[in-house]
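Contents: one structure, followed by commentary.
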Protein chains: 2
Amino acid sequence: MSENESKRSRRSSGAITLHDVARLAGVSPITASRAINKPEQVSPELLKRVEEAVARTGYVPNRMAGGLASSRSKLIAAVVPSTVISVFNETIEALNNTLFDAGYQLMLGQSAYSADREELLLDSVIGRRPDGIFLTGVMQPGKGRTRLMASGIPVVETWDLTPTPIDMLIGFSHTDIGLAVAKYLLGKGRKQFAIIRAEDERADRRTLAFKAAVTEAGLPDPYVVNVGDQRSIRSGRDAMAKILKHAPRSDAVFCSSDLLALGALTEARSQKIDVPKQIAVMGFGDVPFVADMLPSLTTVRINGGKIGQLAAQYLMDRAEGREVSEPIVNVGFSIIERDTA
Amino acid sequence: MSENESKRSRRSSGAITLHDVARLAGVSPITASRAINKPEQVSPELLKRVEEAVARTGYVPNRMAGGLASSRSKLIAAVVPSTVISVFNETIEALNNTLFDAGYQLMLGQSAYSADREELLLDSVIGRRPDGIFLTGVMQPGKGRTRLMASGIPVVETWDLTPTPIDMLIGFSHTDIGLAVAKYLLGKGRKQFAIIRAEDERADRRTLAFKAAVTEAGLPDPYVVNVGDQRSIRSGRDAMAKILKHAPRSDAVFCSSDLLALGALTEARSQKIDVPKQIAVMGFGDVPFVADMLPSLTTVRINGGKIGQLAAQYLMDRAEGREVSEPIVNVGFSIIERDTA
DNA sequence: ATGAAAGCGCTAACAT
DNA sequence: ATGTTAGCGCTTTCAT
């Protein structure tokens, strides 16, 4: 081993680099780069030599270096409220799969509740210079939104609608859902409504629309129970107990999540209340397992997978300079009629 | 605006860089860098000037450049089988939160089922030069494992035990769980066992140990039903129907996941089979909501949050050159006695 | 089809 | 405490 073959600068990480591969293949680094990234631009013979060198050395290109040089990170960042049995899981999975198949990677950030943390999160996201950012929900005007727009990074907001997205939007109307659910329940002859609702701005809009429709139908105001956690069966049970106690003549409950609805169902069963005869229950989200429970849950289905897949596509299109012909998409929703309503 | 103030090279991305901040603050770039990253090494007055320049420009450091220069990406990669209501969600959330609080970010990769995709995934992970890699499960010997070891990146394997981890390990024994569940059920006087099991190597080991314990107790072999998906209520229902039909004298069912157990419970209820009187049901995972269902599920609890939190800590310790005193940790498990067994 | 030069934006190493 | 220099490993640009 000659000295200048083995010597590496003190700063080097010591890993195999493109230069090593190139030397082994007897070509210049740039040719090796082309052989790896744009094989069609290189003669078959050279291609083979480079491929062999890659295989022999176990070379894995350093994407930080590549990203820095090309200003293309091949990274997409997603900001989600939570990853624990949430209605967003399907979306994340679809997003991740679609990205991976196209050679992109996913960075996951959990959106914070405090404004301070929110800004920290955004900066840490922007700092990676992702080629695109996926947001759950639409971002309210403020520092964060401004910062995001200033960054110039393609952004897709999801799971909601607004006439003024930061950039692209793939969502649906929570107001329409509230209206549709009310109409559905009204159509079933229900007359005394109750609502179980977690602190959540989007759930609020569903609830408000629901209420408005009920009022318009000339029926009494729904009895509303607020709970803390969207994803707690326990909260749903407790809320249902409250309803049964304080508004015993209720004949329909609209819950702001499937898990809350499952809790309501559980409580009803424990009190031997017949669902749906005595009281109808509806959820929101259609998480994978509520279809096969007994009774199966009537709920609002959102095609979360489609949102994720489409968002990935949009973000990559933008990143690669393609036009996105329809930057605002309403994917809608559907009411899935099952046993409980 | 003088010419050389506004001119940027053709390659520049046009974004604000450290140089811009430094010039505005009237210091050299390296001083600006220090003010931002090691504020204690800089005089208060300079610090203030730099902070102002950062605020005024909206500068967000480019972590790709920083990572390249320092060989420290502040990125941790996690490889998980799935993100949809899986038992790993709690772990991912804890991992992500712990990392974020320390200024790290999470890259999420979904492990592939084919060996080809697996290798692609590993390369795409290694290509980012993360400071650490989180793996769900232990990696079987093979190309991927070798590649991972060769990369020199700290790795933590989880959710399982092996005497020969790649690097660090935070898990528990699936064999012990099978044994413990059998013992528990035996202790309750159960004598005719059935198993509902998804294709999953770790579930297999729980099952095998369970079987062995039953055999050792001199009882007949459990009736085993194989299903495709660990996370399907439907599969659990179908499997339970099979058990009720072909092994009607079964008095206890051990399911390889809580969701399967929920399905089994549902089917039992629909056939008016009394749980646990006639047949006991146990799950695995203790996903958040099975505690509050009716009947509440007796299951095996894994402290997924602790695994995630500890894994994050270990990975960061390693990345920052600290010693990890106990690189192999058995976090154990507990059987949570509830209604169904 | 291949290569040389330059530089992406930052920080380690070595001054002062 | 602050600055200078020289890269990190790659790709763009411009030649040939």
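Naming: A, B, ... by sequence-line order, numbering from 1 per chain.
Ranking C:dT11, D:dC10, C:dC10 by closeness to the B:N62 side chain, first place goes to C:dC10. Side-chain atoms of B:S28 lie closest to D:dT4 of the nucleotides D:dG9, C:dG3, D:dT4. When the nucleotides C:dC10, D:dC10, D:dC8 are ranked by their closest atom to the side chain of B:L18, C:dC10 comes out on top. Comparing C:dG3, C:dG7, D:dT2 against the side chain of B:L46 picks out D:dT2 as the nearest. Distances from the side chain of B:I30 to the nucleotides C:dT2, C:dA13, D:dC10 place C:dA13 closest. Of the candidates C:dG3, D:dG7, D:dT4, the closest approach to any side-chain atom of B:A69 belongs to D:dG7. The side chain of B:R34 lies closest to D:dG3, out of C:dT2, C:dC8, D:dG3. Nearest to the side-chain atoms of B:T17 among the listed nucleotides C:dA1, C:dA12, C:dG9 stands C:dG9. Here the side chain of A:S33 is nearest to one of D:dT11, C:dA4, C:dA12, namely D:dT11.
At distances below 3.5 Å, at least one donor-acceptor pair connects side-chain atoms of B:Y314 with backbone N or O atoms of B:E326. Listed for the B:N97 side chain is no donor-acceptor partner under 3.5 Å among the backbone atoms of B:A94. At least one donor-acceptor pair closer than 3.5 Å links the side chain of A:E157 to the backbone N or O of A:I166. Judged by distance alone, with hydrogens and angles left aside, the side-chain atoms of B:D131 form a donor-acceptor pair with the main-chain N or O of B:S73 at under 3.5 Å. Under a 3.5 Å cut-off, the side chain of A:T136 and the backbone N or O of A:V79 do form a donor-acceptor pair. Put simply, the side chain of A:N96 never gets that close to the backbone of A:I92: no donor and acceptor are under 3.5 Å apart.
A straight line from CD of B:Q41 to C1' of D:dT2 spans 11 Å, rounded to a whole angstrom. A straight line from CG of A:L47 to C1' of C:dT2 spans 14 Å, rounded to a whole angstrom. The distance between atom CE of B:M64 and atom C1' of C:dC8, rounded to the nearest whole Å, is 9 Å. Nucleotide C:dT11 holds its P atom 11 Å from the CG atom of B:L68, rounded to whole Å. The distance from atom CZ of B:R72 to atom P of D:dC8 is 18 Å, rounded to the nearest whole Å. Taking atom CG of B:D20 as the reference point, atom P of C:dC10 lies 9 Å away to the nearest angstrom. A:N37 has its CG atom 13 Å from the C1' atom of D:dG9, to the nearest Å. One interatomic measurement links the two molecules: CZ of A:R23 to P of D:dG9, which rounds to 13 Å at whole-angstrom precision.
The 5' end of DNA chain D is approached more closely, in terms of each residue's nearest nucleotide, by B:A32 than by the other of B:A32 and A:R63. Remark on DNA chain C: of its neighbouring residues B:H19 and A:V27, the 5'-side contact belongs to A:V27, judged by nearest-heavy-atom nucleotide.
The phosphate of C:dT2 (OP1 or OP2) has a side-chain N or O of A:S43 nearer than 4.0 angstrom. The phosphate of D:dC10 has neither OP1 nor OP2 within less than 4.0 Å of any side-chain N or O from A:K74. Within the structure, every side-chain polar atom (N or O) of A:S71 is placed at least 4.0 Å from both OP1 and OP2 of C:dC8. Between A:S70 and C:dC8, a side-chain N or O to OP1/OP2 separation shorter than 4.0 Å is absent.
The shortest distance between side-chain heavy atoms of B:V125 and B:L148 does not fall below 4.5 Å. Side-chain contact between B:L18 and B:I36 is present, with heavy atoms from C-beta onward closer than 4.5 Å.
A rotation axis mapping the C1' atoms of four pairs onto the next four is fitted at both ends of the helix from C:dA1-D:dT16 to C:dT16-D:dA1 over five pairs, and the angle between these axes is 20° to 10 degrees.
Using a 4.0 Å heavy-atom cutoff across all strands shown, B:P29 reaches no nucleic acid atom at all.
Taking a cutoff of 4.0 Å between a charged side-chain nitrogen and a carboxylate oxygen, B:D101 and A:R117 qualify as a salt bridge.
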